[in-house]
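For reference, the structure is listed below as C-alpha cells.
What's counted below: heavy atoms across the whole structure, side chains too, no hydrogens, waters or symmetry copies. To find a chain, count down the sequence lines: A is the first, B the second, and so on, and within it residues start at 1.
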Amino acid sequence: MPTHKTITHAHAQGERNIEDEVMNQVQSGRVAMKPRWYFVSGALLGYFGLVSLFIVAAFLVNILLFSLRIHGPMSQWRFEYMLGRLPWWLALFAIGSVTGAVYLLRRYDFSYRKNFRLIAVAFISSVILAGWIIDTSGLNDVWSRGEGPMRRFYRQLDISDYSEAQPSPPRDGSQRRMKYLRESQEQ
Amino acid sequence: MTQVSQLPDEELVEYVRGVDKQAYLWIIRRYEAPLMRYAHHLTQDKDKAADAVQETFIKAFSNLQGFDIKRKFSSWIYRIAHNESMNVLGKEGKHMHLDIHLDLDSGTHIEDVTITKEVQSQIHQCLGQLPLIYREPLSLYYLEEKSYEEISDILRIPVGTVGTRINRAKLFMKKLCQHIKP
C-alpha cells in the first residue's frame, strides 16, 4: 500500500504537492470543519424566513382582494386610499429578504443545484393563490367578524369605509391609532 | 487504514466527519488527478488549475458537514472545483468568443458518431480552443465520463441544455479539429 510519504515524489521533482499542502493545513488546524449546527441553523433560518414571508405576502394579497371587494363603488378612491395605508416598508423588507436569501444561497450553498427561477415563480404563484383562496373561501369575512388576532387587522379596513368623513387618524404609534379607531366606532 | 481507503465516497466522508479527519487524505488521493484534469481543461494553465484544486479541497473540507450524504459526493466536489476554476479564471475568461461559422442544420447525425479513442484524443487537443460554456460539459462528458444528470448537477443547468451544449460543442470541434490527425 502506498504511504503518504512514498507518494510525494512529485514534490521532489519540483512539482506542487496539493495533498501535502492541504493535509498540513488540516492537521495544523488552519482549516477547520464548520460545525453541523452552522448548516442546520442556516437551513432552518432560510425555511422559517421563507414561510414567514409567504404568510405576510399571502395576507397582503388577500387584504388587497378583500378591500377591493368590500368597497364596491368608489373603488378607485378606496384603492388609492388603501395603497396609501399599506405598510410598504413590509413589502420592501420582504423583497430585500428574498434577495438577500438568494444571494446567500448562491454564495454559501454552492454545492447543490437550485432552480432559483422556478422557486421564485412557484413562490409568487402560491402567494397569489393563497391570497385568492383566503378571499374566496370567506375566511377573511370570518376573521373580520369573529374574534382573534386577525379581527383588529380587518376591522381597520372596514372602518376605512367611512373614515373619509372623519379627520385623518394619527399615523404614529399603533396604540394611539387603535384608540382613535375605537373612538370613531363609538361615535 | 486500507479498509478506510476502500470505502465508497459517501461513507468515507461520514468517516472523516465523525471519526478521523486524517482520512480526508484518501479523498484527496481519489480526486486530485481528475480534478486537476478538469480544472486544467477549464483554466488552460497548470498553475491556475493547481490553485483551483487546492482551494477546492480546502473548501470541501471546511464545508464537509454541509454535504448531504444522500447525494453524490463526486458531483459535489466537482461543483466546488468548477466554482474555484471560475474564480481563478476571472470574468474575462468566461466570455471568450469563437469566430467560427456554425451550420447547425448541416444534417450531420452527431448522436450517431461513435466515440473512440481517436475522438478523445482530438478533444484533448482542441478543447482549449472552445468557448468555456462548451468546454465545461464536453470535458465532463468525455474526459471525466460523467452522466448528463451529473453534469447538470455540477454546472447547474438543465439536462436538456447539457445535451444541446455537448452537441454544439461537437460541431465546433468538428470545425476546429479538421486538421488534427491523431
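Within the model, atoms CG of B:N63 and CE of A:M33 stand 10.5 Å from one another, a figure rounded to the nearest 0.5 Å. Atoms CE and CZ, from A:M23 and B:R29 in turn, are 9.0 Å apart once rounded to the nearest 0.5 Å. Note that CD of A:E19 and CD of B:Q54 are 12.0 Å apart. Values are rounded to the nearest 0.5 Å.
You'll find the side chain of B:F57 stays beyond 4.5 Å of the side chain of A:V26, heavy atoms only. By the 4.5 Å heavy-atom criterion applied to side chains, A:E21 and B:I58 are not counted as neighbours.
Counting all heavy atoms, side chain and backbone alike, B:A50 lies closest to A:I18 at O-CD1, 3.7 Å.
For A:R36, the salt bridge (charged side-chain N to carboxylate O under 4.0 Å, His left out) test picks out no residue, with sequence neighbours left out. With sequence neighbours left out, B:T164 forms a side-chain contact (heavy atoms from CB on, under 4.5 Å) with B:R168.
Between chain A and the options B:L64, B:I77, B:D51, heavy-atom pairs under 4.5 Å are most frequent for B:D51.
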